[in-house]
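The structure presented is a predicted model; accordingly, all values stated were derived computationally and were not measured. So that the names make sense, note that chain A is the first sequence line, chain B the second, and so on, each numbered from 1. These numbers come from the heavy atoms of this one structure, side chains and all, not from hydrogens, waters or symmetry mates.
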There are 2 protein chains.
Amino acid sequence: MDRPNIPLNALRSFEVAARQGSFTNAAIELCVTQAAVSHQILRLEDQLGAKLFHRTSKGLLLTPEGEALLPVLTASLDRISSVLDRFTDGRYHETINVGVVTTFAVGWLAERLAKFEESHPGISIRLFTNNNRVDIAREGLDLAIRFGAGRWPGLTIQPLMETPLTPICAPSVASALKAPETLLSQKLLRSYRADEWPIWFKKAGMVSPYIEGPVYDSSVAMAELAAKGLGVALLPHAMFQAQLSEGRLVRPFDTEVTTGRYWITRLSNKEPTTAVAAFEAWICKAAL
Amino acid sequence: MDRPNIPLNALRSFEVAARQGSFTNAAIELCVTQAAVSHQILRLEDQLGAKLFHRTSKGLLLTPEGEALLPVLTASLDRISSVLDRFTDGRYHETINVGVVTTFAVGWLAERLAKFEESHPGISIRLFTNNNRVDIAREGLDLAIRFGAGRWPGLTIQPLMETPLTPICAPSVASALKAPETLLSQKLLRSYRADEWPIWFKKAGMVSPYIEGPVYDSSVAMAELAAKGLGVALLPHAMFQAQLSEGRLVRPFDTEVTTGRYWITRLSNKEPTTAVAAFEAWICKAAL
DNA sequence: ACTCTGCATAAGAAAAAATAATGCCAATGG
DNA sequence: CCATTGGCATTATTTTTTCTTATGCAGAGT
């Protein structure tokens, strides 16, 4: 149907009436009289040539035609309504909530975020750092950046960069490390991903030793401990570039392994807003 | 913004003007005068408290606010417009185009389709049978059912049933087949998936022989040849239940292997319509 | 400077939408 | 069984919104 012929106001009345199940209540929501709603809907039904409601003695019932119409209208009006809500003081402004694994936030995103906000004046980003097992829906996030193999059912994902892991430690500790075998005498810091060290040792041509000690939740924590000379951590060196070039941390070996990558994820069943799509596009481009 | 306060007609004018880049042309599309459009948009800008256009001497330019508004409106109006278009002769009717691998269409879907159409009177399904390498976008399909491991970038997928493969042949051929080794003396019919027979032989505890002969594109063709006694095919027996229970085809061995499953797929970047979503939901429930 | 194109403006005309009052129907309850 | 009530439809009328016509005004090109 051509734009000029779409009876928008009548469709709005229909949507409200269908949701309310009553012309009278719809009239209240629409701030008009019941007769006005009745008129609108009668006219709409006339234009479509189809009844949209069964008027029964105990309320309204949607016909199949009404049933087909309602969800599209509700969704469209909701979306329009929410863009309009983002106008305040004559400015369009949208805030999006992004969950980020701490390592990525600190090692890559934080320092680049300003650039995005600069080029997108209408969008504010609220970062929530968390571990990898974030629940987007429960925490009310629009997007989440996490590390893994890219298998999360129900999520729409896009790849960001790969981040190979390599042993990282303090310079003082590194001086004692000649060959990979010498690692066995060091305290190895490990994450909750139990297979990372074994994979690295295999690539280095060794059998993995049994690793003891606490399991850390965050690479940032492990890096901090490593910097204090309290052990050797297996970390995505790309995320610790700053400390590596400062010399606060060093890479005793070149061997690196790739066990996954970062991804940006969102709920598949929730349409991204313009701002969410813009952020997603920006980060995909910047991080690939 | 509350439903009653959404200035729908003004938003429509804005959408057209923004798309056209001109009030004058928008007026033509809207079948009104230029002054009418000007009024509408001025009023909208006033209500939002924000300019939506920069009026330059060489045409209109969207402000950031206009930029934020436009895509949502265009999408919403397009969607509404297309639901309304599906009303003809006072009935809502939607046709969806579904690509289906022939095997699945013949062996499972066709006989169940009537049930869906019965319970969804406003929806017609057009089936297009094809091989597994269908291109949804190019062929203008809304959905495609295909076999595989579930890795198709750009597609949103949902799992249907698993369909283990097992050798199938005519009863006359089966009588000569005692142990798996006896298969080696038979003509083995093969699909373009070169690894299927090897995987089956491995599970049966044998080394796969070298297989000769043409590569068939469709399990249905192979089943037909097998029924004629022209060889043994490795087929998803669930799709040939009818012929198996008729005794036209038989399963000489119990050993079966699972190399993938059926999936229902659609383009991720295209919002499913109500009917597409309904069909998807129906088939997922019916086929899992 | 003149003309053309395109948006803004003002006042009146037309159209659309809303209202008030009332009708109609079915269910409910003494 | 009749009165009452709740809820949608109808009609005539009023109000509001929207559109039009006519004109103004600004910038760009000739």
Residues of residues 26-57 of chain A with a heavy atom under 4.0 Å from any atom of DNA chain C, listed by number, are A:V32, A:T33, A:A35, A:A36, A:H39, A:Q40, A:R43, A:S57

Residues from residues 3-17 of chain A lying under 4.0 Å of DNA chain C - heavy atoms
none

Tell me every residue that passes salt bridge (Lys or Arg N to Asp or Glu O under 4.0 Å) with A:D2, counting only those two or more places apart in sequence or in another chain.
none

As a quick check of understanding, evaluate side-chain hydrogen bond (donor to acceptor under 3.5 Å, both in side chains) for B:T74 and B:E15, giving each step before the final call.
CA-CA 6 Å; B:T74 302; B:E15 194 269 343; 2.9 Å; yes

Pairs involving residues 54-68 of chain A, ordered by first then second residue, that meet salt bridge (Lys or Arg N to Asp or Glu O under 4.0 Å) (sequence neighbours left out):
A:E45-A:R55

Name all pairs fulfilling the salt bridge (Lys or Arg N to Asp or Glu O under 4.0 Å) condition that reach into residues 95-107 of chain A, sequence neighbours left out, sorted by first residue then second.
none

With sequence neighbours left out, write down each residue that passes ring-ring contact (aromatic ring centres under 6.0 Å, His included) with [X], or none if nothing qualifies.
| X | value |
| --- | --- |
| A:H54 | none |
| B:Y262 | B:F104, B:F147 |
| B:H93 | none |
| B:F23 | B:F53 |

First and last nucleotide of DNA chain D touching chain B, 5' to 3', heavy-atom cut-off 4.0 Å?
D:dT18 to D:dA28

The side-chain hydrogen bond (donor to acceptor under 3.5 Å, both in side chains) partners of A:R12 (sequence neighbours excluded) come to A:N9

Distance under 6.0 Å and angle within 45° of the ring axis: does A:R146 meet both against A:W152?
yes

Step by step, would you call A:E117 with A:S124 a side-chain hydrogen bond (donor to acceptor under 3.5 Å, both in side chains)?
CA-CA 7 Å; A:E117 300 206 296; A:S124 304; 5.0 Å; no

Taking any atom under 4.0 angstrom from a heavy atom of chain A, which nucleotides of DNA chain C are the first and last to qualify, 5' to 3'?
C:dA17 to C:dA27

